[in-house]
Amino acid sequence: MDIAIPNQKIEPSLRAAMDATPGELAASATLSTGTSALGLWEIIVLYSGTPEMVRENFPEYDITFLLGNYAIFRLPERAIDAVAASPLIIYIEKPKRLTFEVLSGKRSSCITPLQENAVSALTGKGVLISVIDSGIDYPHPDFRNPDGSTRLLALWDQTIPPDPSRGFFPPEGYSIGTLFSGEQINAALFAPSPEEQFSLCPSTDTSGHGTHVAGIAAGNGAASDGTYRGVAYESALLVIKLGSPAPDGFPSTTELMQAVDFSVRFSIAEKLPLVINLSFGNTYGSHSGTSLLETYLDHVSDLGRISIVAGSGNEGANDGHTGGKLRSGETRRLEFAIGDYEPSLSVQLWKNYWDEIRLSILSPTGNTPVFLSTLPGSFRFSLPDTQLLAYYGEPSPYSLFQEIYLDFLPTRRYLPAGIWTLVLTAQTVTDGIFDLWMPAGAMRSLMTRFLTPTPDITLTIPSTASNLITVGAYDAHTNTPAAFSGRGFTWNTNQVKPDLVAPGVDIVSTAVGGSYESRSGTSMATPFVSGSCALLMQWGILQGNDPFLYGEKMKAYLIRGARHLPFADTYPNPQTGWGALCVADSLP
């Protein structure tokens with residue numbers, strides 16, 4: 001058993017990754033996020049002072065400075081401790097992997113009356129919607145003007161490497177991807193052949209997720225004679241395709257932060273009110289709104305005429321969360337299954353730092369439990385066909401909470417399938433609450449799950465950020481719950497999340513290739529609210545009815561109009577928040 005006492009400025013999962021061997025790092029889908037084949041590590045940094053001071057102290061590293069005192073460093077692993085030791089550095093986190101998370105939907109959300117008002121129809125005109133997702137099928141008729149030109153003001157594809165010989169450059173101040181202006185997209189659209197179009201703007205949406213989301217928020221319905229027209233169908237569009245690092249194609253939180261950062265700077269330069277649509281999330285963190293990603297988004301949402309809308313995720317029925325409350329002296333056995341062919345698995349346990357809880361683990365084939373130390377630091381244990389990496393964290397400068405991070409790695413090709421047992425023994429506790437999360441369902445086998453799951457506190461991060469408008473899903477066809485929708489409230493801080501719900505089951509919207517398709521998920525519910533925010537900004541800011549209709553005030557307007565659903569008895573509640581989107585009733 002190895003023990004290392006950590007620098008408390010370094011997040012536990014980052015320290016666990018640094019303490020892992022190269023083989024363990026390669027085997028762990030969670031720990032390897034943020035590392036590259038070039039041997040560089042990407043980290044999220046909160047710093048004090050000015051960017052110039054940071055650059056002067058760390059001239060040898062590639063640094064992207066974000067709004068506020070946030071930055072992304074790319075540096076060798078051996079340099080991370082030295083960076084953390086600097087008095088300029090406040091806290092460091094590692095990137096996390098992200099996963100995805102119209103006609104009847106518009107009617108049930110009280111949008112249609114606003115679009116069809118003969119005197120003052122609201123269309124989103126004059127408002128910018130930034131869709132940060134998997135890209136967009138930019139030739140689709142629903143994203144083009146009547147003359148065939150693009151409705152996109154810009155498209156930043158983080159997956160296309162810069163190539164000056166082809167005129168491919170990243171946005172100024174960033175180092176990844178290629179930014180295509182509206183003029184470049186138009187040149188591609190009016191190219192004489194599909195081959196030349198692709199050469200001029202080779203950005204595609206291979207999953208169709210971003211195309212579907214953008215259509216709900218802002219598609220103009222041109223390919224369906226208006227039948228499948230989106231919410232803010234005359235809004236301007238900024239599309240950012242998040243980077244997709246190998247080998248699994250999941251982007252990371254550092255790419256998301258840069259996308260949000262660019263969206264804000266772009267909207268300021270264009271002098272347009274901004275709505276940011278986020279349909280990505282992950283399950284790593286305390287779910288209390290205190291990670292650097294969440295505090296960064298809270299900071300950005302306070303900067304001006306901005307509303308950020310995020311989906312609550314699709315983890316409600318994925319059996320990836322469990323929790324409870326212990327009394328002093330009580331022992332609780334928590335069983336979880338690892339399915340066949342699982343290459344690795346991480347589990348986080350979060351509790352209050354002052355509660356003393358002892359943890360032991362029993363494998364499917366083991367007769368003797370492994371007891372974990374309660375000292376802070378890294379530990380390594382050998383179990384049958386499994387290497388267990390454990391890390392006991394300490395409270396960060398922003399949180400009272402303690403994380404115990406566990407990473408199960410196979411000594412052969414896959415982890416042993418079967419029922420594992422975590423035994424929690426409360427020694428001296430005050431609150432006694434504990435919660436555990438696995439990775440999102442998209443990152444693990446269907447059979448890998450807690451055997452006594454709880455659907456509450458299954459919000460994905462960053463939807464737990466305080467200032468974001470968090471959107472869950474319901475079935476608007478039947479006015480019934482969507483079991484998959486991530487539920488609240490936030491862990492330990494009990495903020496009301498989601499803030500509201502919107503239609504998210506069998507939503508028809510734009511598809512790659514110029515057609516339409518039906519999809520379900522909170523990713524589909526989120527753009528209903530994003531488009532509605534654009535309508536309200538048009539009414540308030542641009543038509544002069546309320547020039548301060550953004551940020552928390554936007555959330556207040558949406559809550560004011562939210563309607564109660566028949567399956568919920570009390571409001572707010574963890575499943576629907578304050579109720580279902582009803583934009584017409586949000587207007588005074």
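In what follows, every heavy atom counts, from backbone to side chain, and hydrogens, waters and symmetry copies are set aside.
- Here the shortest heavy-atom pairing between Arg449 and Leu446 reads CD-O, 4.0 Å.
- For the pair Phe180 and Leu152, the minimum side-chain heavy-atom distance is 4.5 Å or more.
- To the nearest 0.5 angstrom, Thr211 atom OG1 is 11.5 Å from Ile216 atom CD1.
- Side-chain contact between Leu237 and Val131: present, with at least one pair of heavy atoms (C-beta onward) separated by less than 4.5 Å.
- Inter-residue side-chain proximity for Ile132 and Leu242 is flagged as met; some heavy-atom pair is nearer than 4.5 Å.
- The number of heavy-atom neighbours closer than 6.0 Å to CG of Asp225, taken from other residues, nucleotides and ligands shown, is 12 or below.
- Within 6.0 Å of OH in Tyr571 there are more than 12 heavy atoms belonging to other residues, nucleotides or ligands.
- Between Cys533 and Val275, the shortest heavy-atom distance links the atoms CB-CG2, 3.8 Å.
- The CG atom of Asn145 lies 7.5 Å from the OG1 atom of Thr150; values are rounded to the nearest 0.5 Å.
- Note that CG of Asn186 and OH of Tyr138 are 10.5 Å apart. Values are rounded to the nearest 0.5 Å.
- With respect to the salt-bridge test (charged N to carboxylate O, under 4.0 angstrom), the residues Asp499 and Lys497 qualify.
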(request) Evaluate side chain to side chain contact (heavy atoms under 4.5 Å, CB included) for Leu179 paired with Tyr174, printing each intermediate quantity in order. (result) CA-CA 10 Å; Leu179 177 67; Tyr174 306 87; over 6 Å; no

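- With Thr464 contributing its side chain and His287 its backbone, the two residues share no donor-acceptor pair below 3.5 Å.
- Annotation: side chain of Met554 is not in contact with side chain of Glu552 (no heavy-atom distance under 4.5 Å).
- A salt bridge (Lys or Arg N to Asp or Glu O under 4.0 Å) check over residues 278-291, counting only residues at least two apart or in different chains, returns nothing.
- Pairing each heavy atom of Arg151 with each of Asn220, the nearest pair is NH1-N, 3.6 Å.
- Expressed to the nearest 0.5 Å, how far CE of Met257 lies from CD1 of Ile44 amounts to 5.0 Å.
- Between the side chain of Arg444 and the backbone N or O of Pro439, at least one donor-acceptor pair lies under 3.5 Å.
- The side-chain heavy atoms of Asp205 and Lys241, taken from C-beta on, include no pair separated by under 4.5 Å.
- Using a 4.5 Å heavy-atom cutoff, the side chains of Ser466 and Gln495 are in contact.
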